[in-house]
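We name chains A, B, ... by the order of the sequence lines, and we start the count at 1 in each one.
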There are 2 protein chains.
Amino acid sequence: MSDRSASSPGELEATDRAILRELVRDGRCSFTDLAERVGLSVSAVHQRVRRLEQRGALQGYAAKVDGDQIGLPLTAFISLTPIDPAAPDDYPQRLEHLPQIESCFSVAGDESYILQVRVASPLGLEELLRQIREAAKVSTRTTVVLSTPFENRPPAI
Amino acid sequence: MSDRSASSPGELEATDRAILRELVRDGRCSFTDLAERVGLSVSAVHQRVRRLEQRGALQGYAAKVDGDQIGLPLTAFISLTPIDPAAPDDYPQRLEHLPQIESCFSVAGDESYILQVRVASPLGLEELLRQIREAAKVSTRTTVVLSTPFENRPPAI
DNA sequence: TCTGAAAGTCACGAAGG
DNA sequence: CCTTCGTGACTTTCAGA
């Protein structure tokens with residue numbers, strides 16, 4: 001009698017959380033290893049992973065790459081403030097075509113959005129800022145990242 | 001005669017960049033598929049991936065999970081300002097034991113660090129702020145994320 | 001560095017409880 | 001929802017160019 005929680009957006013059961021924990025740590029872990037670690041048969045794990053993917057709890061898998069080695073050593077945060085407070089709030093759509101923008105967060109506080117960006121150089125950042133202001137009609141405040149003591153650590157699932 | 005760029009921290013050659021591009025998009029892509037997409041034999045791709053891993057260009061693989069479904073729906077940015085400007089700068093070490101902190105960036109600007117955190121609730125955020133202030137002797141400024149139009153998009157490799 | 005082949009592992013669906 | 005089982009696909013290594 002396992003504790004079934006909810007079918008779609010509810011909480012996850014212990015075994016599913018264990019699977020997610022392993023896959024966040026090692027996204028290329030084989031089903032065979034996964035099965036051993038969570039104490040189930042390979043097929044059972046296979047079914048659960050597929051269910052987690054369908055349910056959206058597992059949104060995908062990505063390699064982590066070194067920004068320096070791909071020629072994008074400069075990270076920055078850019079906060080956006082609309083110039084015209086009455087303008088329609090379609091900033092994400094106006095900005096998503098810029099590949100230097102890795103993440104876009106709508107936030108509470110003085111500013112409306114925070115962007116996390118990655119560029120090749122200060123000149124690249126300057127050019128990106130120009131593009132952002134032009135595309136979104138916003139004023140910007142930029143905070144340059146000097147170093148990253150740690151990043152994207154696995155959450156405590 | 002392929003263009004060898006550098007053995008360790010230099011730039012990467014076109015085929016290697018193609019491999020990284022695919023693996024960032026799909027971290028569980030099979031070597032067989034990878035080989036087809038970059039136009040090489042399976043063995044050659046295999047060797048290149050291993051080399052990219054050893055060189056540190058490929059830092060690992062991670063599953064992307066839905067914060068809501070793992071019970072951590074609240075994201076926030078916390079900026080840190082040291083209370084004692086003369087204190088030794090060991091803030092990352094003082095904070096890394098807090099699993100709610102996903103990323104820690106040392107930044108130029110008014111504040112010294114920006115933390116990206118993920119918690120279960122406003123109460124969890126309040127408790128985390130208390131822990132951060134106590135562990136690191138800093139004053140904090142918190143910006144709560146309301147929604148995330150997009151996040152962790154693959155960089156243009 | 002590449003290729004191709006051989007051997008071992010693994011993924012994935014079927015059938016059944 | 002789990003297990004076992006079987007087949008085809010995949011990974012991984014190695015010799016050779």
Side-chain angles (χ1 to χ4, degrees), chain A residues 1-66 69-71 157, chain B residues 1-66 69-71 157:
Chain A
M1 240 139 278
S2 66
D3 179 0
R4 300 288 305 108
S5 314
S7 35
S8 263
E11 286 296 290
L12 290 168
E13 180 244 352
T15 306
D16 285 330
R17 290 208 309 275
I19 290 172
L20 292 183
R21 213 181 302 125
E22 292 302 322
L23 284 177
V24 168
R25 271 200 342 172
D26 177 11
R28 275 183 89 84
C29 179
S30 74
F31 287 95
T32 307
D33 286 353
L34 217 45
E36 276 182 20
R37 295 181 203 169
V38 305
L40 235 61
S41 72
V42 178
S43 301
V45 170
H46 201 264
Q47 290 168 1
R48 277 174 181 263
V49 169
R50 281 181 126 42
R51 220 179 307 126
L52 288 167
E53 287 171 347
Q54 286 175 5
R55 166 197 287 216
L58 261 171
Q59 297 177 321
Y61 309 88
K64 294 176 281 187
V65 300
D66 179 1
Q69 295 199 41
I70 58 172
I157 301 178
Chain B
M1 243 143 273
S2 66
D3 179 4
R4 300 290 303 109
S5 314
S7 34
S8 265
E11 286 297 290
L12 291 168
E13 179 246 352
T15 306
D16 286 330
R17 290 207 310 273
I19 290 173
L20 291 182
R21 213 180 302 125
E22 293 303 322
L23 285 176
V24 167
R25 271 201 342 171
D26 177 9
R28 275 184 88 84
C29 180
S30 73
F31 287 93
T32 307
D33 286 352
L34 217 45
E36 276 182 20
R37 294 181 203 171
V38 306
L40 236 60
S41 73
V42 177
S43 309
V45 169
H46 199 265
Q47 290 169 358
R48 279 173 180 264
V49 169
R50 282 181 125 45
R51 219 178 311 126
L52 288 167
E53 287 170 348
Q54 287 175 2
R55 168 196 287 217
L58 261 172
Q59 297 176 322
Y61 309 87
K64 293 177 281 186
V65 302
D66 179 1
Q69 295 199 39
I70 59 172
I157 303 177

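- Atom pair A/Leu34:CG and C/dT9:C1' shows a separation of 16 Å (rounding to whole Å applied).
- Among the atoms of the strands shown, only primed sugar atoms or phosphate atoms (P, OP1, OP2) are found under 4.0 Å from some heavy atom of A/Ser30.
- For the OP1/OP2 pair of C/dC2 and a distance below 4.0 Å, the side-chain nitrogens and oxygens of B/Arg48 include at least one atom meeting the criterion.
- If you measure from atom CZ of A/Arg28 to atom P of D/dT12, you get 8 Å, rounded to the nearest angstrom.
- B/Ser43 comes within contact range of at least one nucleobase, with a heavy-atom separation under 4.0 Å.
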Let's go through B/Arg55 and B/Arg51 carefully: what are the C-alpha distance in whole Å and the side-chain angles of both, what is the deciding distance for side-chain contact (heavy atoms from CB on, under 4.5 Å) to 0.1 Å, and is it a yes or a no? CA-CA 6 Å; B/Arg55 168 196 287 217; B/Arg51 219 178 311 126; 5.5 Å; no
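- Separating the OH atom in A/Tyr61 from the CD atom in A/Glu53 is a distance of 4.0 Å, to the nearest 0.5 Å.
- Atom CG of B/Asp33 is separated from atom P of D/dC10 by 7 Å (rounded to the nearest Å).
- One atom, CD of A/Gln54, and another, P of C/dC12, lie 13 Å apart when rounded to the nearest Å.
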Give the intermediate values and the outcome of salt bridge (charged side-chain N to carboxylate O under 4.0 Å, His left out) for residues B/Arg48 and B/Glu13. CA-CA 11 Å; B/Arg48 279 173 180 264; B/Glu13 179 246 352; 2.9 Å; yes
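- A cation-pi arrangement, defined by a distance under 6.0 Å to the six-membered ring centre and an angle within 45 degrees of its axis, is present between B/Arg28 and A/Phe31.
- Taking for each of B/His46 and A/Gln47 the nucleotide of DNA chain D with the nearest heavy atom, the 5'-most of the two is the partner of A/Gln47.
- To the nearest angstrom, P of D/dT12 lies 16 Å from CZ of B/Arg51.
- The residue among B/Thr32 and A/Ala44 whose nearest nucleotide of DNA chain D lies closer to the 5′ end is A/Ala44.
- The distance from atom CZ of B/Arg50 to atom P of C/dT1 is 16 Å, rounded to the nearest whole Å.
- A straight line from CG of B/Leu23 to C1' of D/dT11 spans 14 Å, rounded to a whole angstrom.
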